[in-house]
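A short worksheet on the structure shown next.
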Amino acid sequence: MKTMRSALSMVLAFMACNATTFPQAPHPNKPAKPTIPRTWDDSVIPTLEVPLANPVGSPKHVSADYYYRIPVRPIYKQYSVYAPGREPAGYMEWLKKQEPVILWDDAQNRPKLNTEADWIKAGDDVFSAPLFVDASDKSFLALADINDSAWYQKGGVPISKDGVLPFVHYVIREKGKIELGSFSCAMCHTRVMPNGTTIKGAQGNFPFERAAKFSPRPPLPMPLLLAFNRALYAAPWLHPDPMDREMSMTSEQINEVLQTIPPGVISRHRASNFDPVQVPDLIGVKDRRYLDRTGLQPQNSLVDLMRYAALNQGGDMLAGFDGFIPADVPDFKKLPDPADPIRVGGRYSDEQLYALALYIYSLKPPPNPNKFDAPAARGKEVFANEGCTRCHTAPHYTNNKLTPALGFTIPAGARAKYDISPISVGTDPSLTMNTRRGTGYYKVPSLEGVWYRSMFGHSGWCATLEDWFDPTRLNDNYIPTGFKPYGSKTYPVKGHAFGLDLTPQEKKDLIAFLKTL
């Protein structure tokens with residue numbers, strides 16, 4: 001039972017962090033005495049999300065009384081993790097001499113919060129704060145991994161030009177004991193560029209799934225692995241349940257499934273190892289009307305992002321999905337005790353979530369090296385002439401609408417509640433029809449920042465824009481350059497055929513323009 005409880009702790013640690021009344025631009029030195037919104041509100045939470053494609057499975061969330069009895073997790077000071085041989089001389093010995101430092105908890109420890117700049121800085125700490133801290137080799141990411149040179153080389157794990165692995169951090173909770181902190185927002189939303197620079201908040205490129213194959217740790221026992229995956233992905237009211245296929249697999253086969261998921265794509269909870277999700281870019285998220293590839297949650301104000309973070313850092317694992325409760329390991333029948341931090345994993349306070357949302361809203365894109373030259377100017381004309389502006393409308397290059405998936409019937413009354421496009425672009429409907437994250441829609445993505453992103457399409461089938469505009473991707477014999485479903489030698493990337501019939505020069509110009517956005 002202790003092992004299963006540890007598994008649930010990892011489940012709740014495996015959460016990622018993805019507009020009409022948004023805050024104005026920050027005033028760094030202006031005194032800040034904000035009114036902190038209430039994250040978990042019983043009058044809002046039940047209808048916060050867009051209903052699932054099969055509404056029977058739409059989550060029934062815990063009450064505010066339950067939620068606020070969950071202990072607030074402390075945020076400790078974090079220290080950089082270096083690749084083997086890249087740390088400063090004496091670094092590990094120095095770490096062992098450091099005293100534990102709690103930056104923020106629900107007791108006497110609290111950062112300075114006098115100005116909006118203070119709040120944003122504190123939000124950066126929350127963004128990088130690990131949900132899972134461990135010094136053993138029994139977790140899904142461990143000290144044994146980050147200290148193994150072969151894990152970096154074979155797993156394609158990128159490091160910064162300073163030798164830092166920016167996706168994780170060391171944590172000192174006990175003097176002399178170095179632990180690895182992982183599964184923070186930053187783990188999925190940090191990108192290392194080819195030149196070694198790091199972009200916080202961008203589509204991440206940590207190859208978590210692929211690198212697992214090269215871990216020096218012993219594999220998890222199959223019952224534990226399947227319990228973990230069931231909590232993440234199962235949807236028993238669907239036929240077939242996304243987990244049915246995995247239940248008959250060996251650990252080696254499941255590892256091979258993970259090899260299909262490239263950096264920039266993730267098999268996040270409520271999705272599936274067979275239907276992973278392109279990691280979203282959080283830079284500019286304040287201007288997005290819907291959060292998630294499937295438009296799962298409308299965003300009308302900063303508190304909506306707070307609620308999204310709370311749900312995706314463990315809150316929605318406590319919900320009932322047609323009676324199925326993901327956090328109830330091992331029997332999936334009753335809710336855990338909110339006072340038990342081992343099973344629940346803790347939560348962030350409303351103040352911490354407010355700071356996190358302010359930080360995410362403050363994120364700015366890196367300097368764009370692509371200049372608006374003559375080819376880009378021609379590409380802008382192509383963009384307009386092809387009608388791309390109907391869906392990818394300036395200034396943020398999205399109309400912030402939902403587009404229905406093939407085979408989905410828009411429910412009566414939905415158009416009055418949500419901004420729904422009249423057309424479907426015909427992409428693979430599986431993610432939004434067959435998972436716990438599936439609404440029957442996909443949101444129209446923003447094209448801002450595509451120059452530093454990769455793995456295009458909602459499951460990241462095409463590694464580059466050039467691949468996305470390659471008409472051969474529609475063919476049955478196409479081999480995707482990004483995600484290719486397990487067991488498929490070839491896979492046609494259907495849908496969104498816009499721009500595929502352009503001349504080679506027009507495509508080159510169009511891509512030149514897109515890379516300036």
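Computed over heavy atoms, backbone and side chain alike; hydrogens, waters and symmetry mates excluded.
Under a 3.5 Å cut-off, the side chain of Ser182 and the backbone N or O of Val168 do not form any donor-acceptor pair. Side-chain atoms of Glu49 do not come within 3.5 Å of backbone N or O of Leu296 as any donor-acceptor pair. The main-chain N or O of Met306 is never found under 3.5 Å from a side-chain atom of Thr39 such that the two would form a donor-acceptor pair. For the pair Thr435 (side chain) and Ser430 (backbone), a donor-acceptor distance under 3.5 Å is absent. With Asn273 contributing its side chain and Val257 its backbone, the two residues share no donor-acceptor pair below 3.5 Å. The backbone N or O of Asn400 sits nowhere less than 3.5 Å from a side-chain atom of Arg288 that would complete a donor-acceptor pair. A donor-acceptor pair under 3.5 Å is formed between the side chain of Asp244 and the backbone N or O of Asp241. Side-chain atoms of Thr260 never come within 3.5 Å of backbone atoms of Phe483 as a donor-acceptor pair (strictly under, hydrogens ignored). Using a distance-only test at 3.5 Å, with no hydrogens or angles considered, no donor-acceptor pair links the side chain of Arg230 to the main chain of Met243. The closest donor-acceptor contact from the side chain of Lys443 to the backbone of Tyr290 lies under 3.5 Å.
For the side-chain contact (heavy atoms from CB on, under 4.5 Å) test, residues two or more places apart in sequence or in another chain that qualify with Met193 are Arg191, Asn195, Thr197, Ile199, Trp451, Tyr452. Every residue meeting the side-chain contact (heavy atoms from CB on, under 4.5 Å) condition with Leu406, not counting sequence neighbours, appears here in chain and number order: Ser424. For Ala53, the side-chain contact (heavy atoms from CB on, under 4.5 Å) partners two or more places apart in sequence, or in a different chain, are Phe408, Met433.
Figure legend: Arg293 and Tyr442 shown without cation-pi pairing, the cationic atom not lying both under 6.0 angstrom from the six-membered ring centre and within 45 degrees of its axis.
Between Phe183 and Phe208, the angle of the ring planes goes over 60°, which puts this pair in the perpendicular group of the 30/60° scheme. Taking the six-membered ring where the residue is Trp, Phe321 and Phe324 present tilted rings, their angle falling between 30° and 60°. Aromatic ring orientation, Trp461 versus Trp468: parallel (interplanar angle below 30°, classes split at 30° and 60°).
Considering every non-hydrogen atom in both Leu363 and Gly201, the closest pair reads CD1-CA, 3.8 Å.
Between Arg268 and Asp292 there is a salt bridge, with a side-chain nitrogen of the basic residue lying less than 4.0 Å from a carboxylate oxygen of the acidic one. Under 4.0 Å is where a charged nitrogen must lie from a carboxylate oxygen, and between Asp316 and Arg436 no such pair does.
Aromatic ring centres of Tyr68 and Trp40: separated by at least 6.0 Å.
Heavy atoms of other residues, nucleotides or ligands lying less than 6.0 angstrom from CZ of Arg415 number more than 12.
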